[in-house]
Amino acid sequence: EEATNRTDVDGDGWVTEAELWHMGCRFLGLRGNATSATVFRAIDLSSTGQVAALDVGLALGSVSLGGFRSLAQSVFTAGAEAFLTFDLSGDGLLQMDEFLSLSAQLAIGRANAELLFQELATRSPDAVHQDVFLLAVNGLAQFRKLVRESYADVRSALLDFDTVQPWTEVSLEEFAAWCTRLQLPSSLVPELFEALDVRQEGKLLRLHFEMLLSGQLTARGLSQLLTSAFGFLQTAFEKADGEGDGNGVVDLPELARLATPLGVSSAN
């Protein structure tokens, strides 16, 4: 109800993109209009340019980890910025009170935030570890970082992931088993697997691990990271351009500012 009242500025029962932009900038601290435009397109299913205020209120209600990621990416320049801003003790952990403060900044209610905390506190019931937080916010980019920190080459990675026949094919179950060993949130496992398995073959092959372990990404690899972190390439484009000059074109500095926090070098 509060979200509905704040968004429907003129009180006519309908919300326009301008009203959603107003709410996003004033109450969520979103930078520019890129995020509000993306959100509005997602809920304006009939493409009429206005959405019933009640539907907006429902859309802005409780969020899953996917919604948490979208909000964090919208409000902060990078996932690391979100974490470091609220890790007041600097111990690489977010305690419950710190996580609740972060969630309040994202306009997430306390009860919803407590459930998200429980989902992310996989190694300790009292704290969220930084790498787990970044996995939730950056998606595949952080998973790539974890794999690169664990293995020196593709062969050693495959030997560790691929535990049952047929060999050189990693199933979702094998992938999930590896994630469990690292105590990663189980709810993120299917999404990460799908982000890698772009052809929807139901298995990961050597080429997937080559992408994860390579120091240089191809355009397709970059696309996978951006889609995982931002949901859609259009959203990534709008974030890059919106935090730059907003001229409808993404130049190299803008792309580097977007991709560097995802582990992609400026040279790459």
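Computed from a predicted model, the values in this text were never measured in an experiment. Position 1 is the first residue of the sequence, and the numbers go up from there.
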Please answer whether the main-chain N or O of Thr235 pairs with a side-chain N or O of Glu238 as donor and acceptor at a distance below 3.5 Å.
no

Taking Asn112 for its side chain and Val63 for its backbone only, find out whether a donor-acceptor pair lies under 3.5 Å.
yes

May I ask you to test the Gln105-Val75 pair for a side-chain heavy-atom distance under 4.5 Å?
yes

Once salt bridge (Lys or Arg N to Asp or Glu O under 4.0 Å) is applied, what residue pairs with a partner in residues 64-76 remain, sequence neighbours excluded?
Arg69-Glu191

To the nearest 0.5 Å, what is the distance between OG (Ser228) and CG (Leu262)?
9.0 Å

Is Met211 linked to Tyr151 within one hydrophobic cluster, defined over Ile, Leu, Val, Met, Phe, Trp and Tyr using a side-chain heavy-atom separation of less than 4.5 Å?
yes

I'd like to check the side-chain contact (heavy atoms from CB on, under 4.5 Å) partners of Asn268; sequence neighbours left out, ordered by chain and number.
Gln216, Leu217, Val264, Ser265

Is Leu120 close to Leu65 at the side-chain level, that is, under 4.5 Å between some pair of heavy atoms?
yes

By salt bridge (charged side-chain N to carboxylate O under 4.0 Å, His left out), which residues pair with Asp12, not counting sequence neighbours?
none

Contacts of Glu194 meeting side-chain contact (heavy atoms from CB on, under 4.5 Å) (sequence neighbours excluded), chain-then-number -> none

Would you confirm whether Thr227, through its side chain, and Gln224, through its main-chain N or O, come within 3.5 Å as a donor-acceptor pair?
no

Between Thr260 and Ser266, does the side-chain contact (heavy atoms from CB on, under 4.5 Å) criterion hold? Intermediate values first, please.
CA-CA 7 Å; Thr260 299; Ser266 296; 4.0 Å; yes

Would you say Leu140 and Leu196 make side-chain contact, with heavy atoms under 4.5 Å?
yes

Those residues at least two apart in sequence (or on a different chain) that pass side-chain hydrogen bond (donor to acceptor under 3.5 Å, both in side chains) with Arg206 are Glu210

Rounded at 0.5 Å granularity, tell me how far CH2 in Trp178 sits from CG in Leu184.
6.5 Å

So, the side chain of Ser223 versus the backbone of Ala219: is there a donor-acceptor pair under 3.5 Å, distance only?
no

What is the distance from atom CG of Asp162 to atom CZ of Phe175, rounded to the nearest 0.5 Å?
13.5 Å

What ring pair (Phe, Tyr, Trp, His ring centres under 6.0 Å) pairs are there with at least one residue in residues 98-118, not counting sequence neighbours?
Phe68-Phe99, Phe99-Phe117

If a pair satisfies side-chain hydrogen bond (donor to acceptor under 3.5 Å, both in side chains) and one of its residues is in residues 129-139, list it, with sequence neighbours excluded.
Gln73-Asn138, Arg123-Asp131

Treating Ile, Leu, Val, Met, Phe, Trp and Tyr as nodes and any side-chain heavy-atom pair under 4.5 angstrom as an edge, say whether Leu222 and Leu212 lie in one connected cluster.
yes

Whether Asp160 and Arg181 form a salt bridge (side-chain N of Lys/Arg under 4.0 Å from carboxylate O of Asp/Glu) is what I want to check.
yes

Residue pairs passing the salt bridge (Lys or Arg N to Asp or Glu O under 4.0 Å) test with at least one member in residues 83-111, sequence neighbours excluded, are Arg110-Glu114

Residues in side-chain hydrogen bond (donor to acceptor under 3.5 Å, both in side chains) with Glu119, at least two apart?
Ser187

Might you point out which heavy atoms bring Ala157 and Leu213 nearest each other, and give the distance in Å?
CB-CD1, 4.0 Å

Taking only residues two or more places apart in sequence or in another chain, which ones pass salt bridge (charged side-chain N to carboxylate O under 4.0 Å, His left out) with Arg199?
none

To check you understand the geometry: which heavy-atom pair defines the closest contact between Val137 and Gly79, and what is its length?
CG1-CA, 3.7 Å

Distance in Å, Phe193 CZ paired with Ser171 OG, rounded so as to fall on 0.5 Å steps
6.5 Å

Mind checking whether Phe86 and Met96 sit in one hydrophobic cluster, side chains of I, L, V, M, F, W, Y counted as touching below 4.5 Å?
yes

Closest contact, heavy atoms only, Ala80 versus Leu134
N-CD2, 3.6 Å

Using the test side-chain hydrogen bond (donor to acceptor under 3.5 Å, both in side chains), find all partners of Gln183 that sit at least two apart in sequence or belong to another chain.
none

Looking at Asp241 and Gly248, what are the two nearest heavy atoms and their distance?
OD2-N, 2.8 Å

Could you report the tightest heavy-atom contact between Ala256 and Pro261, atom names first, then the distance?
O-CD, 4.3 Å

Do Val170 and Phe209 touch side chain to side chain, with heavy atoms closer than 4.5 Å?
yes

Pairwise distance CG(Leu158) to OG1(Thr163) - rounded to 0.5 angstrom:
11.5 Å

Do the two ring centres, one from Phe237 and one from Phe230, sit under 6.0 Å apart?
no

On a heavy-atom basis, which atom in Cys179 and which in Phe143 lie closest, and how many Å separate them?
SG-CE1, 4.0 Å

Do His208 and Leu205 touch side chain to side chain, with heavy atoms closer than 4.5 Å?
yes

Kindly compute the distance separating CG (Leu71) from OG (Ser103), expressed to the nearest 0.5 Å.
9.5 Å

pair Leu258-Leu226: side-chain heavy atoms closer than 4.5 Å
yes

Indicate yes or no for a side-chain donor-acceptor contact from Glu169 to the backbone of Pro166 under 3.5 Å, with no hydrogens or angles considered.
no

Treating Ile, Leu, Val, Met, Phe, Trp and Tyr as nodes and any side-chain heavy-atom pair under 4.5 angstrom as an edge, say whether Leu255 and Val249 lie in one connected cluster.
no

Answer whether the closest heavy-atom distance between the side chains of Val128 and Leu93 falls below 4.5 Å.
no

Quick one, Ile108 and Leu100 - any side-chain contact, counting heavy atoms below 4.5 Å?
no

Indicate, with yes or no, if Phe161 and Val198 share a hydrophobic cluster defined by side-chain heavy-atom contacts under 4.5 Å among Ile, Leu, Val, Met, Phe, Trp and Tyr.
no

Once salt bridge (Lys or Arg N to Asp or Glu O under 4.0 Å) is applied, what residue pairs with a partner in residues 143-152 remain, sequence neighbours excluded?
Lys145-Glu149

